[in-house]
Amino acid sequence: MGGARAAGASEQARSGGGQQRLVVRVRRTLGRVTTAPPPTVTLDSRFATELAEMAVPWRAEEAPEPRLLVLNEPLATELGLDPGWLRSVDGVRLLIGTAVPTGAAPVAQAYAGHQFGGYVPRLGDGRALLLGELVDPDGRVRDLHLKGSGRTPFARGGDGLAAVGPMLREYVVSQSMHALRIPTTRSLAVVATGRTVHRETPLPGAVLARVAASHLRVGSFQYARATGDVDLLRRLADHAIARHHPGAAGAERPYLALFEGVVAAQASLVARWMLVGFVHGVMNTDNMTISGETIDYGPCAFLDAFDPATVYSSIDHGGRYAYGNQPAMAEWDLARLAEALLPLLHDDQDRAVALAVESLGGFRRRFDAAWSAGMRAKLGLRADLDQAVVSPLVEDLLALLAASRVDFTSFFRVLAVAARGEAEPTRRRFLDPGAVDDWLTRWRALGPDPDGMDRVNPVYIPRNHLVEEALAAATDGDVDPLMRLLDAVTAPYDERPGLERHAAAAPPDFGTYRTFCGT
Ligand code: AMP
Ligand code: MG
């Protein structure tokens with residue numbers, strides 16, 4: 001993939017005052033790597049040390065024939081890692097965990113979780129490893145984590161492995177989310193292992209190297225709480241405050257402030273998902289981060305036609321995680337976080353519950369504010385317009401879109417054309433074009449700004465039919481469609497010639513899309 005290549009002859013990435021340092025020294029010439037001496041990558045082991053009860057020391061499985069499929073060069077550079085070295089034999093071994101930097105302490109993390117509403121006390125990293133924390137050149141601490149690196153003590157019946165297709169899927173969708181300015185874990189690389197993974201059919205195996213603000217989840221707190229060890233719970237909360245919500249440390253009630261920080265981050269995150277038509281698909285409490293980053297791209301997908309009841313996951317029979325249910329489900333997950341935190345909120349548990357309920361009430365308020373502000377921007381409307389005018393306009397539009405099953409993403413770009421004076425392409429999107437005329441008149445009377453609309457409404461998202469096409473080709477060894485898709489979604493707002501297929505709605509014969517998790 002085209003990406004920034006650092007041009008210096010040597011690089012040294014500094015840590016931001018941590019006790020351990022990330023040091024990368026690579027002698028190289030422009031474009032060609034001359035790796036002598038070998039680089040040293042230093043990883044912290046803060047989680048493993050501070051929360052040893054929740055960390056099982058573990059190693060990745062050997063891979064018969066590792067082959068780098070895709071490397072996120074800009075991200076590598078941002079992390080102070082040399083992309084040229086990461087492409088070398090030793091670099092690839094780091095990316096699958098079979099070569100561990102001296103002093104690093106890889107662990108499988110323990111967590112619990114409510115899966116589709118049912119509590120599972122012991123989930124944990126069944127096929128993943130936290131290699132350690134990287135401190136980037138700006139002092140930001142981030143987890144370096146692997147997915148598909150072999151069975152761990154949390155694997156239960158699973159094989160501990162991952163297939164090329166789903167790992168590339170996480171790569172593409174997380175790249176898209178980042179480009180859409182939505183907080184997300186990042187994908188650093190996908191490496192084919194040369195091992196066969198058995199699903200419905202034999203598939204090529206892969207390891208995804210993932211980078212995250214942390215992998216602390218609501219389920220991490222549920223696990224700590226269930227041990228009955230309040231000291232562990234407090235250490236976990238302190239760790240989370242230090243990494244994600246440092247402002248909470250100075251608050252009158254730091255643990256309540258931590259909870260409020262997570263509520264705010266998730267309300268904003270889920271509003272952003274809704275504004276781009278993202279359906280996460282498996283919002284279990286083990287898949288909700290404390291940092292507010294989107295995590296675990298399993299059965300996720302973007303809406304084609306607008307319909308709040310849309311469900312893609314093959315196992316979500318009840319529609320629990322349907323597009324339109326996502327805010328309510330996030331709130332439900334946060335209530336589980338509040339329960340886990342109760343012993344830290346107040347000595348009197350009745351008071352603790354009252355405090356938690358009050359703070360959780362902030363979710364709706366924050367979500368509604370973020371959603372309304374986002375919809376105004378999508379419609380090109382001024383921020384100072386009366387909410388009493390904007391809200392019904394938004395609601396009426398969504399009802400019209402749903403009634404005609406209009407393609408959600410492309411609609412807002414064609415609507416900008418209407419703001420420039422040409423309404424016909426917008427009208428044609430509706431089964432009865434006349435049905436939208438009244439709405440268009442009301443909207444245009446508010447003076448929408450088409451250029452502002454084009455700055456926030458993407459042209460390119462990872463459309464389901466294109467993702468499937470790209471992954472099938474990549475699984476068969478042809479990565480060209482994947483690279484084209486990545487090219488489109490990593491600059492989602494700039495319409496470019498040659499990418500017309502990537503901007504268009506799914507063909508009518510694409511049918512009902514189904515996604516699978518645990519893949
Ligand atoms: P997920 O649905 O990906 O969030 O995973 C839920 C749980 O199942 C986590 O504890 C995972 O580590 C575990 N898991 C998923 N797939 C596998 C697998 N192939 N082998 C072992 N554990 C797995
Ligand atoms: Mg998960």
Side-chain angles (χ1 to χ4, degrees), residues 54-56 58-61 63 96-97 106-131 143 145-171 173-174 184-185 187 193 195-208 210 212-223 226 266 279-291 293-301 311-317 320-321 329-330 333 336-337 515-519:
M54 298 177 63
V56 179
W58 204 253
R59 288 293 163 117
E61 247 172 47
I96 57 171
V107 294
Q109 291 179 298
Y111 50 84
H114 275 89
Q115 298 193 304
F116 289 91
Y119 182 63
V120 185
R122 192 179 138 99
L123 285 169
D125 290 333
R127 56 163 171 176
L129 282 183
L130 172 64
L131 282 184
D143 282 5
H145 181 96
L146 307 178
K147 194 160 163 181
S149 51
R151 297 191 81 234
T152 77
F154 299 106
R156 294 170 291 159
D159 60 8
L161 304 176
V164 163
M167 295 306 99
L168 289 176
R169 194 163 199 284
E170 173 152 348
Y171 191 101
V173 182
S174 61
T184 176
T185 62
S187 296
T193 56
R195 190 187 291 118
T196 300
V197 177
H198 298 280
R199 297 292 180 257
E200 275 99 58
T201 53
L203 294 169
V207 171
L208 169 79
R210 176 160 91 180
S214 89
H215 284 77
L216 301 181
R217 309 143 191 268
V218 170
S220 312
F221 281 84
Q222 293 180 291
Y223 181 91
Q266 287 293 337
V279 184
H280 183 282
V282 62
M283 293 174 67
N284 294 333
T285 56
D286 53 304
N287 292 336
M288 177 185 268
T289 59
I290 299 303
S291 64
E293 286 182 345
T294 312
I295 194 170
D296 273 1
Y297 294 92
C300 62
V311 173
Y312 293 110
S313 170
S314 59
I315 61 167
D316 190 359
H317 306 296
R320 180 181 173 90
Y321 299 132
M329 287 300 103
D333 286 353
R336 308 289 80 75
L337 176 62
T515 56
F516 302 90
C517 59
T519 38

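In listed order, ligands and their atoms are each counted from 1. Hydrogens, waters and symmetry mates are skipped; everything else that's a heavy atom, side chains included, is used.
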Pair up each side-chain donor or acceptor in residues 159-168 with any protein partner under 3.5 Å, not counting sequence neighbours, and list the distances.
{"residue": "Asp159", "atom": "OD1", "partner": "Leu161", "partner atom": "N", "Å": "2.9"}
{"residue": "Asp159", "atom": "OD1", "partner": "Arg199", "partner atom": "NH2", "Å": "3.4"}
{"residue": "Asp159", "atom": "OD2", "partner": "Arg199", "partner atom": "NH1", "Å": "2.6"}

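No side-chain donor from either of Tyr297 and Thr185 sits under 3.5 Å from a side-chain acceptor of the other. Between the side chains of Ser174 and Ser187, at least one donor N or O sits under 3.5 Å from an acceptor N or O.
Taking a 4.0 Å cut-off on heavy atoms, Gly124 registers as neighbouring ligand 1. Contact analysis puts Arg199 in contact with ligand 1, with a non-hydrogen atom separation below 4.0 angstrom. Using a 4.0 Å cutoff on heavy atoms, Arg151 does not count as a contact of ligand 1.
Listed here is the closest heavy atom pair of Ile96 and Ala60: O-CB, 3.3 Å. Nearest heavy-atom pair across Val218 and Asp333 is CG1-O, 3.8 Å. In terms of heavy-atom proximity, Pro299 sits nearest to Ser313 at CB-CB, 3.8 Å. Closest heavy-atom contact between Gln109 and His215: OE1-CB, 3.3 Å.
Near Gln115, the atoms of ligand 1 lying under 4.0 angstrom from a non-hydrogen atom of the residue are 6 (C). Residue Gly158 approaches ligand 1 through these ligand atoms, each under 4.0 Å from one of its heavy atoms: 20 (N), 21 (C). Short contacts between ligand 1 and Tyr111, defined as distances under 4.0 Å to a heavy atom of the residue, involve ligand atoms 9 (C), 10 (O). The atoms of ligand 1 that sit less than 4.0 Å from any heavy atom of Arg156 are 7 (C), 8 (O), 10 (O), 13 (C).
The OG1 atom of Thr152 lies 11.0 Å from the CZ atom of Arg127; values are rounded to the nearest 0.5 Å. One distance of note links CG of Leu123 with NE2 of His114; it measures 11.0 Å at 0.5 Å rounding. Atom CZ in Arg217 sits 10.0 Å away from atom OG1 in Thr285 (nearest 0.5 Å).
At a 4.0 Å heavy-atom cut-off, ligand 1 touches Asp296 through the side chain alone. Proximity of Asn287 to ligand 1, defined as any heavy-atom pair under 4.0 Å, is confined to the side chain (atoms from C-beta onward).
Checking only distances, Asp125 never comes within under 3.5 Å of ligand 1, N or O to N or O. Between Val282 and ligand 1, no pair of N/O atoms sits closer than 3.5 Å.
Of all protein N/O/S atoms, those lying under 2.8 Å from the Mg ion (ligand 2) come to 2.
Residues Phe154 and Arg122 form a side-chain contact, since some pair of their non-hydrogen atoms from C-beta on lies under 4.5 Å apart.
Around atom 20 (N) of ligand 1, the closest heavy atom drawn from Ala110, Gly160, Ala112, Gly126 belongs to Gly160.
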